[in-house]
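Step one of this worksheet: look at the structure below.
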There are 2 protein chains.
Amino acid sequence: MRRPTIADIARRAGVSQAAVSFALNGRPGVSAATRDRILAAADALGWQPNTAARSLSAAAAGAVGLAVARPARTLGVEPFFMQLISGIQGELSERGYALLLDLVEDVHAEASVHRRWWAERRVDGVLLVDLRTGDPRPRVLREIGMPAVLAGGPDPTGAVPGVWVDDARAMTAVVEHLHGLGHEHLAHVSGPPGMAHSAHRAEAFTAAAGPRAARAATDFSDAEGAVATRGLLRRRPRPTAVVYDNDVMAVAGLSAARQAGLAVPGDLSVVAWEDSALCRLTHPTLTALSRDPFRFGAAAAARLLDLVRRGPGGGGAGDTEFELPELVVRESTAPPRPNGG
Amino acid sequence: MRRPTIADIARRAGVSQAAVSFALNGRPGVSAATRDRILAAADALGWQPNTAARSLSAAAAGAVGLAVARPARTLGVEPFFMQLISGIQGELSERGYALLLDLVEDVHAEASVHRRWWAERRVDGVLLVDLRTGDPRPRVLREIGMPAVLAGGPDPTGAVPGVWVDDARAMTAVVEHLHGLGHEHLAHVSGPPGMAHSAHRAEAFTAAAGPRAARAATDFSDAEGAVATRGLLRRRPRPTAVVYDNDVMAVAGLSAARQAGLAVPGDLSVVAWEDSALCRLTHPTLTALSRDPFRFGAAAAARLLDLVRRGPGGGGAGDTEFELPELVVRESTAPPRPNGG
DNA sequence: ACGGGTTTATGAACCGGTTCAGCGACTTCC
DNA sequence: GGAAGTCGCTGAACCGGTTCATAAACCCGT
């Protein structure tokens, strides 16, 4: 019960291996009648291409990689990633590509995974997430010449094309919403300043809310989100609204505020950057900035496959803008109490 | 700037390709001196094996697959999965294996992904999660003869070896803890009865808490967790403690209880089956059953690689028990109020 | 000095596809 | 009717490793 190969098909259909290959790949060189006979034989034998053999001659792996450099602890809690992966997956499997996943320590480890994958010809390209300031990855990728797309770009060095969201405009919209409700003392709990998108948002926040608005940086974890919240709430004037850079920290901030004896949204309005089930789990439910990570992942994957198929030097190095996230207003934002602050 | 191949190494070291292959794989047939020369040449050229070529002759893919049939929505919220994957990943990359991930609709789609992966020789084996009652996957896997390990077994059909946790014993421990606190009216919010481990736990709950204890089944989502909670709280006598089959539902239940005007743990004690950051995010923090998904994943992956290396018919079909989860008591469980119920 | 055994190295086949030069047979055109 | 072109198909090389039969070189004891 050996796996059938094209040789078996050729024998059964009474043709050469080359003819079988042509027929199976829908290229000219065989008559319609012969093609049908070959396809019927392949079908009867239950033939499937051996990826290794195909990769070897085609010099393409039929797979793309995603290495993620975040502690599994944080990764797991953020629904964002799974949805992103799910979106990527959908796009890939539709075109017969597989997804290789690797969870690593940091961006340097990620860069070496990329190197290895490329050297071993395990993947045809990679997706990048979480660009850091001074990130080594774009440089490495350009050096080895592997196709790559940055989900969450744009890459300031321009080495890697990106699918990106206009965080600055989104942040402005959030701040305007809070201003519109009458809030004057805003605060922002950001992720690590080393992450490019985090830094962007922080800048945009300051630009929109004014240089005296309160800010705190964290590692995106619930723990630091809570600590940052406590710190901000001790300030005078006390902020009446906080924007959190992810959903997990917003939930943690909610708990922290409650423990400090503050009502949400009465004493404090809360906005989460990423929308997810988490934001609907809490009481009150959280106002959140909602983008569709599923479609975002799909867009990035599509862009990558495009790049892969174009081959090296195929142009199309530009960035693609993804739709602006939408602010979903729920229970956690309201006008500040007149006696608050 | 072509990628170096063993032919290049052979030329540089002045030996045959076969000698290079022997040297690089640490097998006998070359002298120590020649071996060193070859390794130096390989190093100088920056050689890495081409996985496709290696797979083709070795008839091994150097990768294992994980197809998950759960909606991305639920998957994302449960930290469990990412940690599990992270654990799997750690074990795999240590031994040079890659992980293929696929998110699919249901177990039937999963079975066809398995079929395709195996036919294409993309993977050497797969990991299974979420065994269903009457699950088609063990049958298919046995039919095609692909190595597989069930994370969360055991498989009642015995077709697939599993790494499993004694849920029944764990459930008994939880119920005893609640009994010990003085609770008499317990309830259990389980996952879908179609999931084997969920069914197991439900049975164990009934065995330990008595046939009249309240039970509700859900799809593991926060939404159904909340609905189930509201239903249980309308019962008379009202349960004073609820055991949730995952962390997400426990959090949702917490909100539902609060909205119903009940204090936790004063009026209602809450236990979550899976421990995660989520359980520490809430207020009060949740008492939870904690197993280490990271090490659990690692154990399952190790078992699979073992099976893969043993080759077909290599025996070792037995199940492996993983350590019993530990009950981490936090703020959400306390003795019932004497005037409660 | 010689037979037997071990160590070291080689050439060539092989894994399962893809691809291309080449070759009949058949059509087309003048 | 013969040159030119097209169509359908084949044989063989090729991708980059692994492996095995075989041979050359070396070691040993007698």
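In what follows, chains are A, B, ... by sequence order, proteins preceding strands, each numbered from 1. Just so you know, these numbers use all the heavy atoms, side chains as well, and skip hydrogens, waters and symmetry mates.
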Mind telling me whether B:F80 and B:F296 have parallel, tilted or perpendicular rings, with 30° and 60° as the class edges?
tilted

Position toward the 5' end of DNA chain C (nearest nucleotide), A:S21 or B:R37
B:R37

Any ion pair linking A:R132 and A:D135 (charged N to carboxylate O, less than 4.0 Å)?
no

Which part of the nucleic acid does A:V20 contact within heavy-atom distance under 4.0 Å: base, sugar-phosphate only, or nothing?
nothing

Please classify the nucleic acid contact of B:S31 as base, sugar-phosphate, or nothing, using heavy-atom distances under 4.0 Å.
sugar-phosphate

Would you check if there is a donor-acceptor pair between the side chains of B:R121 and B:S55 at a distance under 3.5 Å?
no

Atom-pair distance (CD on B:Q17; P on C:dT10), nearest Å
11 Å

Where does the chain B footprint on DNA chain D start and end, counting 5' to 3' with a 4.0 Å heavy-atom cut-off?
D:dG16 to D:dC20

Does the structure place the NZ or CZ of B:R122 under 6.0 Å from the centre of the six-membered ring of B:W118, at an angle of no more than 45° from the ring's axis?
no

Salt-bridge criterion met for A:R54 and B:E120 (N-O under 4.0 Å)
no

SB check B:R310 B:D306 (cutoff 4.0 Å):
yes

Under 4.0 Å between any heavy atoms, over every strand shown, what does B:T5 touch: base, sugar-phosphate, or nothing? Just pick one.
sugar-phosphate

Taking only side-chain N and O atoms of B:T34, does any of them lie within less than 4.0 angstrom of OP1 or OP2 on C:dA9?
yes

Can you tell me how far C1' of C:dA9 sits from CZ of B:R11, to the nearest Å?
18 Å

Nearest-nucleotide 5' precedence on DNA chain D, B:R27 against B:L56
B:L56

Between A:N50 and B:A19, just flag the one whose closest nucleotide in DNA chain C comes earlier from the 5' side.
B:A19

Just call it for B:A18: base, sugar-phosphate, or nothing, with non-hydrogen atoms closer than 4.0 Å on any strand.
base

